[in-house]
Each structure stands twice: as structure tokens, then as C-alpha cells.
**Q** 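Let me begin by handing over the structure; questions about it come next.
No hydrogens, no waters, no symmetry mates; every other heavy atom, side chains included, goes into these values.
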Amino acid sequence: MKKQLVYLLVILLSLPALAQKKDSLRSIYIERFPDHFFIWPIAKTRTSTFEIRNRPGGNEKLTYRPNNSVGMGFGMYVFEIGFELVFAVPIDEKKKSLYGESKANDLQLNVLGKNWGVDLFTQTYRGFYREDAKRGVPADMPFPQRPDIRIGNTGINGIYAFNKSKFSLRSSYNFSERQLRSSGSFLLSGTLNFFDLKADSAVYGSFYEAIFGAKGNFSEITSTTLSVALGYSYNLILGKRFFINSSFSVGPAQHWISYQGVNGKTDNQTLNTFADFRVGIGYNSRRFFAGTSFVQQSRNIRFEDIVFTSSSATVKLLVGYRFKERGFLKWRVGDLPQLIFNK
């Protein structure tokens, strides 16, 4: 018993040293900026699309896209919180005549910790145009348009990086840290997603029933998706300041679906896939940073003779600078309770 107590005491006394060793190792690979705030102009586009295939691996595909605009605005990292404010840029009339007009509401919140990240989002899009993979549209002719199609997409995505001592998610996507040496990490991702689509009539119409089948010619679909995915992310550092990040996770997804077809409303459950893909490229020095990133998440659902895929994607371009904190800018979110209750 005494031996066990001695071993336990040695382990407890070793924990601070191990933590300090990990922090020391992290400082070799990752640089933090705890006494700076950042500001950056930004160009951003976020969209939600869906695809219909005739079968798994089939060569017939219809893609429905909204005609949404690029957003311009600015972002800031202050009080250890990052946020962005983006305003839509009007679409020119020629583009509207070719692709139709879409209305979009899109709210998103991203939180990144040392080795984890959470995305909360809700999207509503109305008005889509259709692309046929095998039957193109002549130049300067409008694409087939469906102003009646509306989709809603709400969910939460989580990502966890196991190697927090040598790898930084934040360095490539919100620049609150800087990766000093190349390193990677295995990832664990998950999502809970609620998706719904409604149209005034069948989505792909009678012309395509010979290709995709009459039973799957739906006018309404709702799905709830719960998924877990494993993956890997790597930060490649070039010349100390340039970086390339690539992350990919894929795993099983449980879908609870309901769709309105020619035979009425049908409820179903299916096990399929969820995928999370991210790429970041840029420049990150102690004061100046710039980069572009692409994030896409997709969910596959199979029913009747078709495969339905809903995807959300974000493309972002930014340029920023870090300033030394002064005065109230040194406050932190964790300081708020003390500041409020001490008054």
C-alpha cells in the first residue's frame, strides 16, 4: 500500500513537469499572439447545392445551384473571439438572366480552440438553376431555372485534432496562431444536420424519369443526419511563412429521411456517408497575414433509384494585420464575470 502511495505521489508531482514539457514542445511548433488583436478585409462566398445521380457511381447527374453573390466585409479577432461581418455584392442583370435570381439567408458561427473547432450554421436558399452533366446549354442561353425550389440547412459540425502539441488548426483558418514547423494530426469529426427541400412540382420532371426513375421524382424531402468521421490534417510550412493545409474526414452517417413522390409520402432510414474537406493556402508572419480557404461538407442519401447529395461550401479570401493590444482591448471573455460582478 505504501509503495502504491509513493508511485501515486511521484505521478502527481510529475504532471506539472509533463504539462510544461508539452507547452515547451508546442512553442517550438506553434507561435501564439496573446497580446495582439487582428483585423482583416474579407471576400467570401458560401453556397448550398444538391445533386441527383441515377445510381451509386452512375454517369447521369443533375446539379442544382443558387445564383448567390459574393460577400465583402471585414473580420476581427479581439477579446480572444473572432468574428466576420459580410455584406452581399449585387449581381448584375446579365447574370440574373442566365442563372435566375436567388434569395439567401446565411448565418454562421465558427469557434476554434487549440485542437478543436465548432461550426454552427443555418441557411435558407430560394431559387436554383440546373446543370445537366451530359446535356449542356448553348452559349448566352439561360440555364433551366427553378425559382420555386427552397432549401433549408441547419446544423452543427465539430472537429477535434489529436496532436495539439505540434499542430494548429487555428493557424490556417483564423490566423490566431502561426505554425512554425510542418506537422499533422489525426482528426475526429462529427455533425448533426437538419435539411429540408420543397418545390411546387417534381424536381427533375417527366423528361428525366426514364433516366432517374419515376418513383424518385420527388417534390419534397426532409432529412436528419448524425455522423462521425475520421480523418487527417497536415500543415506544410514553406520558407517559414507560407503554408498549405489540407484536411479530409470521411465516415458513416445515419439518415432519417422523408420524401414526397408519386406514391405519396414515404419515411425511410439509410446508412450512408458524410465527408468534410478543407484546404487553406496563405502567408502568415508575426504581423501580416493573408490567405484563402475552401471548406466543403457533403451528405449522401440513397432512396428509390437515385442518390441525393446535399453540399455546403465556403470560399474565403482575406488579408490582415496584427496590432498590439492597449487598454480595454486586453480584456478577455473569461474576464467578463469578474468585471461585471466587481462593479
**Q** Step through the shown structure and confirm whether more than 12 heavy atoms of other residues, nucleotides or ligands are within 6.0 Å of CZ on Phe186.
**A**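 No, the 6.0 Å shell around CZ holds no more than 12 heavy atoms from other groups.
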**Q** If we check side chain to side chain contact (heavy atoms under 4.5 Å, CB included) with Asn235, which of these qualifies: Ser182, Ser246, Ser171?
**A**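 Of Ser182, Ser246, Ser171, side chain to side chain contact (heavy atoms under 4.5 Å, CB included) with Asn235 is met by Ser171 alone.
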**Q** Shortest non-hydrogen contact from Thr309 to Ser298?
**A**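 Looks like CG2-CB, 4.3 Å.
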**Q** Search all heavy atoms of Val86 against all heavy atoms of Lys44 and return the closest pair with its distance.
**A**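 Scanning both residues, the minimum pair turns out to be CG2-CD, 4.3 Å.
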**Q** How would you list all residue pairs meeting side-chain hydrogen bond (donor to acceptor under 3.5 Å, both in side chains) that involve residues 138-157, not counting sequence neighbours?
**A**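 As it turns out, the side-chain hydrogen bond (donor to acceptor under 3.5 Å, both in side chains) pairs with a partner in residues 138-157, which skip direct neighbours, are Thr122-Thr154, Gln123-Asn153, Arg146-Asp148, Arg146-Ser201, Arg150-Asp196, Asn153-Asn193, Asn157-Thr191, Asn157-Gln297.
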**Q** First locate atom CZ of Phe248, then atom CZ of Phe277, and finally report the distance between them rounded to the nearest 0.5 Å.
**A**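 Phe248 atom CZ to Phe277 atom CZ measures 8.0 Å (nearest 0.5 Å).
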**Q** Which residues pass the side chain to side chain donor-acceptor pair (under 3.5 Å) test with Ser185, sequence neighbours left out?
**A**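 Per chain and number, Ser185 pairs via side chain to side chain donor-acceptor pair (under 3.5 Å) with no residue.
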**Q** For Tyr204, which of Phe50, Phe128, Phe212 qualifies under ring pair (Phe, Tyr, Trp, His ring centres under 6.0 Å)?
**A**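 It is Phe212; the other options fail the test.
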**Q** Does any N or O in the side chain of Thr292 come within less than 3.5 Å of the main-chain N or O of Ile281, such that one atom is a donor and the other an acceptor?
**A**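 Answer holds: no.
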**Q** Would you say that Lys166 contacts Arg181 through its side chain, given a criterion of any heavy-atom pair below 4.5 Å between the two side chains?
**A**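 No. Closest side-chain heavy atoms not under 4.5 Å.
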**Q** If hydrophobic clusters are built by linking Ile, Leu, Val, Met, Phe, Trp and Tyr wherever their side-chain heavy atoms come under 4.5 Å apart, do Ile42 and Leu317 end up in the same one?
**A**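 No: no chain of side-chain contacts under 4.5 Å links Ile42 to Leu317.
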**Q** Can you confirm whether the side chains of Tyr259 and Asn268 place a donor and an acceptor under 3.5 Å from each other?
**A**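 On atom types as modelled, these side chains do not qualify, holding no pair under 3.5 Å.
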**Q** Test your reading of the model: is there a side-chain donor-acceptor pair from Glu131 to the backbone of Pro144, 3.5 Å cut-off?
**A**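 No; zero donor-acceptor contacts below 3.5 Å.
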**Q** Dump the intermediate steps for side-chain contact (heavy atoms from CB on, under 4.5 Å) on Phe243 and Leu236, then the final yes or no.
**A** CA-CA 5 Å; Phe243 69 86; Leu236 175 65; over 6 Å; no
**Q** Quick one: CG on Leu318 to CD1 on Ile39, what's the gap to the nearest 0.5 Å?
**A**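 Output value for this atom pair is 12.0 Å.
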**Q** List for me each residue that meets side-chain contact (heavy atoms from CB on, under 4.5 Å) alongside Leu180, sequence neighbours excluded, and say none if there are none.
**A**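 So Leu180 forms a side-chain contact (heavy atoms from CB on, under 4.5 Å) with Glu31, Arg178.
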**Q** Given side-chain contact (heavy atoms from CB on, under 4.5 Å), test Phe162 with Phe167 step by step and report yes or no.
**A** CA-CA 9 Å; Phe162 290 94; Phe167 175 80; over 6 Å; no
**Q** Return all side-chain donor-acceptor pairs below 3.5 angstrom for residues 219-234, not counting sequence neighbours, or 'none' if the list is empty.
**A**
residue, atom, partner, partner atom, Å
Thr225, OG1, His255, ND1, 2.8
Ser233, OG, Asn245, ND2, 3.0
Ser233, OG, Ser247, OG, 2.5

**Q** Can you confirm whether Phe218 is buried at CZ, in the sense that more than 12 heavy atoms of other residues, nucleotides or ligands lie under 6.0 Å from that atom?
**A**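 Counting other residues, nucleotides and ligands, CZ of Phe218 exceeds 12 neighbours.
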**Q** Does a donor on one side chain sit under 3.5 Å from an acceptor on the other, for Asn174 and Ser176?
**A**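 Side chains of Asn174 and Ser176: pair found under 3.5 Å.
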**Q** Say whether Phe274 and Val250 are linked into one hydrophobic cluster, either directly or through other cluster members, by side-chain heavy-atom distances under 4.5 angstrom.
**A**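 No, no single cluster joins them.
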**Q** Would the number of heavy atoms belonging to other residues, nucleotides or ligands and lying under 6.0 Å from CZ of Arg286 be above 12?
**A**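 12 or below, so no.
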**Q** So, the side chain of Tyr64 versus the backbone of Val203: is there a donor-acceptor pair under 3.5 Å, distance only?
**A**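 Indeed, once roles are kept as given, a pair shorter than 3.5 Å links the two residues.
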**Q** Check the side chains of Asn68 and Ser102 for a donor-acceptor pair under 3.5 angstrom, ignoring hydrogens and angles.
**A**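 There is no such pair (donor and acceptor under 3.5 Å, judged by atom type) between the side chains of Ser102 and Asn68.
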**Q** I want to check something: taking the side chain as every heavy atom from C-beta on, are Asn272 and Arg302 in contact at a cut-off of under 4.5 Å?
**A**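 Yes. Closest side-chain heavy atoms under 4.5 Å.
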**Q** Is there a side-chain contact between Glu177 and Phe33 (heavy atoms, below 4.5 Å)?
**A**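 Of all side-chain heavy-atom pairs linking Phe33 with Glu177, none is under 4.5 Å.
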**Q** By side-chain contact (heavy atoms from CB on, under 4.5 Å), which residues pair with Thr49, not counting sequence neighbours?
**A**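 side-chain contact (heavy atoms from CB on, under 4.5 Å) check on Thr49 returns Thr47, Arg65, Pro66, Ser311.
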**Q** In the single-linkage hydrophobic clustering (I, L, V, M, F, W, Y; side-chain heavy atoms under 4.5 Å), do Leu271 and Ile257 co-cluster?
**A**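 Each belongs to a different hydrophobic cluster.
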**Q** Output, in order, the C-alpha distance, side-chain angles, deciding distance and verdict of salt bridge (Lys or Arg N to Asp or Glu O under 4.0 Å) for Arg278 and Asp119.
**A** CA-CA 13 Å; Arg278 304 171 187 236; Asp119 301 327; 3.3 Å; yes
**Q** In the structure I gave you, are the side-chain heavy atoms of Arg322 and Phe289 within less than 4.5 Å of one another anywhere?
**A**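 Heavy-atom side-chain distance check passes, below 4.5 Å.
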**Q** Can you check whether Phe288 reaches Val319 side chain to side chain, under 4.5 Å on heavy atoms?
**A**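 SC-SC contact between Phe288 and Val319 confirmed.
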**Q** Run the side-chain contact (heavy atoms from CB on, under 4.5 Å) test against Lys215 and tell me which residues pass, sequence neighbours left out.
**A**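 side-chain contact (heavy atoms from CB on, under 4.5 Å) check on Lys215 returns Asn263, Glu304.
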**Q** Where do Glu51 and Phe308 land on the side-chain contact (heavy atoms from CB on, under 4.5 Å) test, with the steps shown first?
**A** CA-CA 6 Å; Glu51 294 180 353; Phe308 179 89; over 6 Å; no
**Q** Side chains of Arg46 and Phe121: does their closest heavy-atom pair fall under 4.5 Å?
**A**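 Sidechains of Phe121 and Arg46: in contact.
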**Q** Would Asp276 and Ser189 count as having a side-chain donor-acceptor pair, cut-off 3.5 Å?
**A**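 Asp276 vs Ser189: no donor-acceptor pair found between side chains.
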**Q** Nearest 0.5 Å, what's the CZ-CG distance between Arg126 and Asn105?
**A**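 Rounded to the nearest 0.5 Å, the CZ-CG separation comes out at 11.0 Å.
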**Q** Would a 4.5 Å heavy-atom cut-off, applied to side chains only, mark Asn217 and Ile306 as touching?
**A**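 Asn217 vs Ile306: side chains apart.
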**Q** Under the side-chain contact (heavy atoms from CB on, under 4.5 Å) criterion, do Tyr321 and Arg287 qualify, and how do the steps go?
**A** CA-CA 5 Å; Tyr321 193 82; Arg287 287 298 181 95; 3.6 Å; yes
**Q** Given Asp132, which partner from the list Arg130, Arg135, Lys134 fulfils the side-chain hydrogen bond (donor to acceptor under 3.5 Å, both in side chains) test?
**A**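 One option only clears the test, and that one is Arg135.
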**Q** Can Arg241 be said to sit on top of Tyr283's aromatic six-ring, NZ or CZ under 6.0 Å from centre and within 45° of the ring axis?
**A**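 No, Arg241 does not sit over the ring of Tyr283.
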**Q** Return the OH to CG distance between Tyr160 and Leu169, rounded to the nearest 0.5 Å.
**A**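 That separation rounds to 11.0 Å.
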**Q** Measuring only between side-chain heavy atoms, which start at C-beta, is Ser183 closer than 4.5 Å to Asn163?
**A**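 Yes, close enough: below the 4.5 Å cut-off.
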